[in-house]
Amino acid sequence: MSRRSKMIEKIKELMYQPKFIRNIGIVAHIDHGKTTLSDNLLAGAGMISEELAGDARSLDFDEQESARGITIDAASVSMVHKFDDNDYLINLIDTPGHVDFGGDVTRAMRAVDGAVVVVCAVEGIMPQTETVFRQALKENVRPVLFINKVDRLINELKLEPEELQNRFLKIIAEANKLIKGMAPEDKKDEWKVDVTDGSVAFGSAYHNWAINIPIMQKSGINFKDIIDYCDNENQKELAQKVPITEVLLGMVVEHLPSPLVSQAYRVPTIWDGDIETEEGQAMIHTDSEGPLAVMVTNVSIDKHAGEIATGRVYGGTIEKGSEVFLVGSHAKARAQQVGVFFGAERVNTDKVPAGNIVAITGAKGAIAGETICDSSKKIKEFEGIEHISEPVVTVAVEAKNTKDLPKLIEVLRQVSKEDPTVRVDINEETGQHLISGMGELHLEIITYRINEKGVEIETSEPIVVYRETVAGKIENPVEGKSPNKHNRFYITVEPLDQSLYDAIDEGTIKEGRVKGKEMATTFIESGLEKEEARKVWDVYNKSIFINATRGIQYLDEVRELLIEGFESALDAGPISNEIAMGLKFKLVDAKLHEDAVHRGPAQVLPSIRKAIFAAIMMAQPTLLEPIQKVFINTPQDYMGNATREIQNRRGGQIVDMGQEGDMASIESKVPVAEMFGFAGDIRSATEGRCLWSTENAGFERLPNELQKQIIREIRERKGLSPEPYGPEHYIG
């Protein structure tokens, strides 16, 4: 039997022993060495040749990933590792580092229990490192730390042993500061990374070696020896003595939790159901005999097999050929095949039990965030996956050939299913469709993939996505009348307090309909008045809808319609048909017809929407524009050029500047609208000698002098009248 066949057999055997399973993600800032590290781990497991490791980029299956040298999609692989005489099944997900593909990291974190955070020894903890830490810790995923590219500190920067130590201590201290700030309250101390216990490793993924304190004690190799090996260009021998696979996977087995340990604390935070029920207990105890509970974290399209849903099995066992129920879609499906990932291929098995990452063929209609359960035993769905960034750049897409229009619509739906961070707006009447993504690169990749699926398209220049809000408040309620004039709703609006906005943004307050009064305490703690906190009906688009009425007859019967009208009004606001956010609406009075026939959807929905639109237009309607943080590392000689590049862009501000050796670091804020073409400009300004990255920094008010111009441009682009309608249009 070949080594490959033996490993597949072993994987199938270990799948049923959750104590010996580790589900891990590899996360880092772009170019810090994640995919090279993954290659070496695969080589150590015998899945690719050691000569190819580091160059193969085995988990970058997409040709765009190979062409651009970056990871775009999270990729899964299962392998076996022997540690202390036991075999362990390691289910590994290699994630992207580029800010445009952060959605893949968020989704991967729902599938894993531990994360290897890779940090470049030269650059240290970078903005995107902080972001991936935040994504992992928000999902209760425990981190360990690998400080990569140590050879560069020795061979290029010529650091002395003491300087090396100081560099490492600084990185570890920064990592622990992030863990302390973001880890769950009861895990802050337990999850700190520590050199002495081996939860921190140092090495070179490119040269295939790594070391931590336990391995130093075992092998007798110390940092002085490592410096000698690097100085003598003998890292190949070092890799034979302390191979990266042994060190890293040993650290994973020893410090990262098995599903048996992690599900006990993870399930209560990602599943709102009753933990005491049969399905709750099955998930807490990783019970493969209990009711089925699968959380879908990714959907991809295979040319031959169709839709492949990747997910984490939290409870029960999913079987080949079984009928399953998609809780969010309220639909039945058949799991035609189930299996695990083995690099670029899938290995089909008859069953996949709790504690594993599964690939399901045939769960048609599933999207990332979907809950799959037995068709006979329906369960409450998992909490939705909250992406920490929003799409901020849009392109209009048209089929080059009219005959391709139906296929383009199908492909766009596929694309939005594969990547839930892409927002697709399909207009079947005009044939022009909008795709919104995280940045220029994200949209380039999406465009490439549409062409790849056999539809030739033309795209517009990138368009910035704006948001609508209000800068003032209205004292007198606005009246919204139903078309039959028998129902009236009275609405006020004002900007949402920053503390409440932040609580929604950070996830302390979950978006969605508020059932009962259980959320009242959280609303009060976030700054809402006690009286209002008990009456919140809905949280949507970082806005809230409060029922401030008393004793209105029939109001409960139209509650769902009022919420539906509120949400649809915020999806396309009155200023320029953009999403509205950061608003606090109060329903202060209502008059309803006593006959249910006269207060149906056709009467209630237009009246509440019109009242909301009129209220916005009376309360200093304002556009918000997306802002990005821009981080630049450049030699001192080019610092002036780099800062000028920021300051020459409208609204570009230098937030912070620092210096280490002959390198300067610049932190700045720039409107996304001013960032087009920045890559080429900053390269020219620094003669290609800078490293830079961006991070989305939310939305800020568009300067007053630009409001009218931008509103007009957006409205004309959307085929609307050049000026927004005044409040009288909605309430006249």
Side-chain angles (χ1 to χ4, degrees), residues 99 386-394 421 423 425 434 436-439 462-474 493-507 509 511 527 539-545 566-585 612-630 649-653 655 668-676 694-718 720 723-725 727:
V99 66
E386 289 179 16
H387 295 103
I388 63 169
S389 298
E390 300 178 60
V392 292
V393 181
T394 296
T421 53
R423 189 184 161 122
D425 184 11
L434 299 177
S436 302
M438 301 295 178
I463 308 156
V464 174
V465 174
Y466 291 85
R467 292 285 185 266
E468 301 185 14
T469 194
V470 298
K473 59 191 283 189
I474 52 173
V493 68
E494 61 187 272
L496 192 65
D497 287 348
Q498 191 63 41
S499 57
L500 270 164
Y501 181 93
D502 292 342
I504 300 169
D505 195 35
E506 289 158 10
I509 293 174
E511 296 225 351
V539 181
Y540 188 72
N541 281 359
K542 300 188 181 70
S543 301
I544 63 173
F545 187 59
F566 160 69
E567 292 185 353
S568 68
L570 264 57
D571 281 339
I575 307 172
S576 54
N577 251 25
E578 299 278 280
I579 289 171
M581 66 184 229
L583 301 163
K584 176 171 142 185
F585 289 97
I612 284 172
F613 284 173
I616 289 173
M617 295 312 293
M618 290 167 73
Q620 295 177 43
T622 303
L623 277 191
L624 301 170
E625 66 172 339
I627 303 291
Q628 281 185 329
K629 286 184 184 171
V630 183
R649 287 171 149 73
R650 175 192 57 81
Q653 300 168 25
V655 176
S668 59
K669 269 185 4 179
V670 183
V672 170
E674 301 297 316
M675 284 296 290
F676 298 124
T694 60
E695 185 181 289
N696 290 330
F699 289 82
E700 290 182 7
R701 191 169 171 177
L702 184 70
N704 284 341
E705 62 271 18
L706 290 177
Q707 291 273 344
K708 274 192 171 175
Q709 175 200 332
I710 299 293
I711 289 168
R712 179 180 280 267
E713 284 174 12
I714 298 171
R715 292 185 68 86
E716 286 178 349
R717 190 183 77 234
K718 293 182 177 182
L720 306 169
E723 300 293 329
Y725 296 117

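In this structure, CD on Q620 lies 11.5 Å from CD1 on I474, to the nearest 0.5 angstrom. Here the CZ atom belonging to R649 is positioned 11.0 Å from the CZ atom belonging to F676, to the nearest 0.5 angstrom. Note that CG of L583 and CD1 of I544 are 10.0 Å apart. Values are rounded to the nearest 0.5 Å. Atoms CD1 and CD, on I627 and E700 in that order, are 4.5 Å from each other to the nearest 0.5 Å. How far CD of E713 is from CG of L706: 9.0 Å, rounded to the nearest 0.5 Å. Rounding to the nearest 0.5 Å places CG of L624 at 8.5 Å from CD1 of I575.
What you find for P626 and F699 is that their closest heavy atoms are N-CD2, 3.5 Å. Taking every heavy atom of both residues into account, G652 and P671 meet most closely at N-CD, 4.2 Å. Residues A619 and V493 share a closest heavy-atom pair of CB-CG1, 3.8 Å. Here the shortest heavy-atom pairing between K629 and A697 reads CG-CB, 3.8 Å. Nearest heavy atom pair, residue F613 against residue P574, reads CD2-CD, 3.5 Å. Contact detail for G472 and P495: the closest heavy-atom pair is O-CD, 3.3 Å.
At least one side-chain heavy atom of E468 sits under 4.5 Å from a side-chain heavy atom of S576. No side-chain heavy atom of V670 sits under 4.5 Å from any side-chain heavy atom of Q628.
For the ring pair (Phe, Tyr, Trp, His ring centres under 6.0 Å) test, residues two or more places apart in sequence or in another chain that qualify with Y725 are H729. When the salt bridge (charged side-chain N to carboxylate O under 4.0 Å, His left out) test is applied to R712, the partners found at least two apart in sequence or on another chain are E716, E723.
A 6.0 Å sphere centred on NZ of K708 holds no more than 12 heavy atoms belonging to other residues, nucleotides or ligands.
For the salt bridge (Lys or Arg N to Asp or Glu O under 4.0 Å) test with E625, the passing option among R650, R701, R467 is R650; the others fail.
In this structure, a donor-acceptor pair under 3.5 Å is absent between the side chains of Q707 and T622.
Here the side chain of S543 pairs a donor or acceptor atom with the backbone of N541 at under 3.5 angstrom. Judged by distance alone, with hydrogens and angles left aside, the side-chain atoms of R715 form no donor-acceptor pair with the main-chain N or O of N577 at under 3.5 Å. Under the 3.5 Å distance criterion, the side-chain polar atoms of E511 are left unmatched by any main-chain donor or acceptor of I504. Using a distance-only test at 3.5 Å, with no hydrogens or angles considered, no donor-acceptor pair links the side chain of S436 to the main chain of T394. E578 places no side-chain N or O within donor-acceptor distance of the main-chain N or O of G573, the cut-off being under 3.5 Å.
Ring-plane geometry between F585 and F566 is classed as perpendicular, the angle between the planes exceeding 60 degrees on a 0 to 90 degree scale with a lower cut at 30.
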